[in-house]
Amino acid sequence: MQLYPNHIVETSPWPIVTSISLANTLLSIVLILQGFNSLSLKISIISLILSMSLWWKDVIIESTYQGHHTTIVMSGIKIGFLLFILSEIFVFLSVFWAQLNAALVPEIELGGLWPPLGIEAVNPFGIPLLNTLLLLSSGATVTWAHYSMIKNTNKKETIISLFLTILYATIFTLLQLFEYYYAPFSFVDGVYGCTFYAGTGLHALHVLVGNTFLIVALYRIIKNHFTQTHHLGFELAIIYWHFVDIVWLLLFIIFYYWAS
Amino acid sequence: MNFMPIRRVAAASFRGTSKRLYSSALSKAEIEATKAEASVGSDTWKKISIYLTIPLCMTFGVVLMKDEMEHIHHLGEHPAVHEPFEYLRVHRKDFPFGDGKRTLFFNPLVNEVRE
């Protein structure tokens, strides 16, 4: 029996492999900016996704089969995740800053207007409004899933409600693609296109990650990895999803409604 | 070297301080209380999910997508006018994808290639 509540981790290749993949990704982006092709970026993104997946596979094994996730370890992971969310808030803060810096006092070259002369904005009460409803709905269904997991009487109910959440998230992603395809401007259309796609694109990436997180949680629920009192992976997926949801509300107000 | 006393002291101290150091060690009463609370919450959010979100998304989905399709149809008849402002379609280097001339979500209906 282990007499201390901490988890002494074993040696693992994933921290160094993930670091090298991240550095490769960064260097590849710099190479592309210098006119090289994107082959190196494709390879490093594949190796990044692969090393992250294998690392998290190890974490799942540590929590389930090896039982290393005691309450103290869980609290450490939770604090780490909340700090990660904090850093995400500041990433989004910088994009919102760029948008507001360009939009509040538009440059004279843009006609002193926002959206600038020659750019037709996306109608905020079309697909963006529908996307707002979809994300708010997914927030409700994921709460249902969490309560039914704690209630611990009907696994089917948890699976159905989480599946509904993932369905809403997937429809959101598809609608966002549709909107990008029919948007009358692109990311090369001056500062407007730049900040618009930086903001909504960064959010769309977070939706993809959050949706993957929820899909992993669904798989783990089906495989009985979680119990009523021990479902940290699911809880963190929910926290992340609510974060993505709140960011969308701000995006909708500042990038779509205000800028149209 | 005898480790037994130390082990016993450690084990006793864990039992004394908190059972919850190990995750599944909630008391029976605590589990029942949590279940009762979650059962109410689950019912409320189930009703909201089924009777509010699904009809709302379906109605707005049909209405707004109909508008959107009309807009796209309209685009086919009256193609977008591309103003020749120099801050639009800024393209100094080829993109690292496709033929290098078209943006990532290029749609000939609404976008234009500037050489």
Side-chain angles (χ1 to χ4, degrees), chain A residues 1 3-5 32-33 35-38 41 69-72 74 109-110 116-120 123 125-127 129-130 133-134 136-138 140-141 143-144 146-153 157 161 164 168 171 177-178 180-191 193 227-230, chain B residues 6-7 10-11 14 18 20-26 30-31 34-35 37-46 48-50 52-54 56-57 60-61 64-65 67-68 71-72 75 80-91 93-97 103-107 109-111 114:
Chain A
M1 190 190 138
L3 287 174
Y4 47 87
I32 284 173
L33 295 178
F36 285 74
N37 65 25
S38 56
L41 182 67
H69 286 189
T70 61
T71 309
I72 298 264
M74 279 164 74
E109 289 86 348
L110 307 179
L117 266 184
I119 285 185
E120 187 201 331
N123 173 21
F125 298 111
I127 288 178
L129 180 65
L130 182 56
L133 289 172
L134 281 168
L136 288 176
S137 303
S138 72
T141 50
T143 309
W144 175 25
H146 194 199
Y147 272 124
S148 71
M149 156 135 273
I150 298 170
K151 190 173 70 172
N152 200 22
T153 46
E157 192 180 326
S161 48
L164 203 56
Y168 281 144
I171 297 174
L177 261 178
F178 181 86
Y180 279 2
Y181 187 64
Y182 283 104
F185 54 88
S186 64
F187 57 80
V188 289
D189 284 326
V191 68
T227 68
Q228 179 192 25
T229 50
H230 200 140
Chain B
I6 302 169
R7 274 185 134 187
F14 276 121
S18 171
R20 299 176 70 178
L21 277 175
Y22 293 93
S23 54
S24 56
L26 279 182
E30 281 174 311
I31 289 177
T34 321
K35 265 193 179 181
E37 199 188 317
S39 167
V40 176
S42 164
D43 281 349
T44 311
W45 288 98
K46 185 181 181 179
I48 291 174
S49 299
I50 293 175
L52 192 68
T53 73
I54 294 177
L56 205 66
C57 288
F60 272 84
L64 297 176
M65 286 315 282
D67 282 2
E68 204 62 38
H71 173 69
I72 289 166
L75 271 177
V81 185
H82 300 290
E83 308 274 2
F85 298 124
E86 63 180 21
Y87 55 83
L88 296 180
R89 292 168 288 285
V90 184
H91 183 197
K93 276 182 196 167
D94 280 359
F95 303 120
F97 45 78
T103 50
L104 203 54
F105 301 99
F106 188 84
N107 176 0
L109 210 55
V110 286
N111 298 131
R114 182 187 275 187

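Below, read A as the first sequence line, B as the second, and so on, with proteins coming before strands; counting in each chain starts at 1.
- Taking B:Glu37 as the reference, nothing meets the side chain to side chain contact (heavy atoms under 4.5 Å, CB included) condition, with sequence neighbours excluded.
- Using modelled atom types, one side-chain atom of B:Asn107 and one backbone atom of A:Tyr181 make a donor-acceptor pair closer than 3.5 Å.
- Counting non-hydrogen atoms of neighbouring residues, nucleotides and ligands closer than 6.0 angstrom, the CZ atom of A:Phe36 reaches no more than 12 such neighbours.
- Within the 4.5 angstrom heavy-atom criterion, no atom of B:His82 approaches chain A.
- Taking the six-membered ring where the residue is Trp, the centroids of B:Phe95 and A:Phe187 are separated by under 6.0 Å.
- Across all their heavy atoms, B:Thr103 and A:Ser186 have their closest contact at CG2-OG, 3.5 Å.
- Using a 4.5 Å cut-off between heavy atoms, B:Asn111 contacts chain A through its side chain alone, with no backbone atom that close.
- Heavy atoms of B:Phe97 lying under 4.5 Å from chain A belong exclusively to its side chain.
- The closest side-chain donor-acceptor pair between A:Tyr147 and B:Ser39, if any, does not fall under 3.5 angstrom.
- B:Ser42 and A:Glu157 share a donor-acceptor pair across their side chains, judged by distance under 3.5 Å alone.
- The minimum heavy-atom distance between A:Gly190 and B:Val90, with the atom names listed, is N-CG2, 4.5 Å.
- Listed options B:Ile72, B:Leu109, B:Ile48 were ranked by heavy-atom pairs under 4.5 angstrom with chain A; first place goes to B:Ile72.
- Summarising the geometry of B:Cys57 relative to A:Leu130, their closest heavy-atom pair is O-CD1, 4.0 Å, with the distance given to 0.1 Å.
- Neither the backbone nor the side chain of B:Leu52 comes within less than 4.5 Å of any heavy atom of chain A.
- For a residue to count as touching a neighbouring chain, one of its non-hydrogen atoms must lie under 4.5 Å from one of that chain's; by this rule B:Lys93 touches chain A with the side chain only.
- With B:Pro96 as the fixed residue, the side-chain contact (heavy atoms from CB on, under 4.5 Å) test singles out one of A:Asn37, A:Leu33, A:Ile32: A:Ile32.
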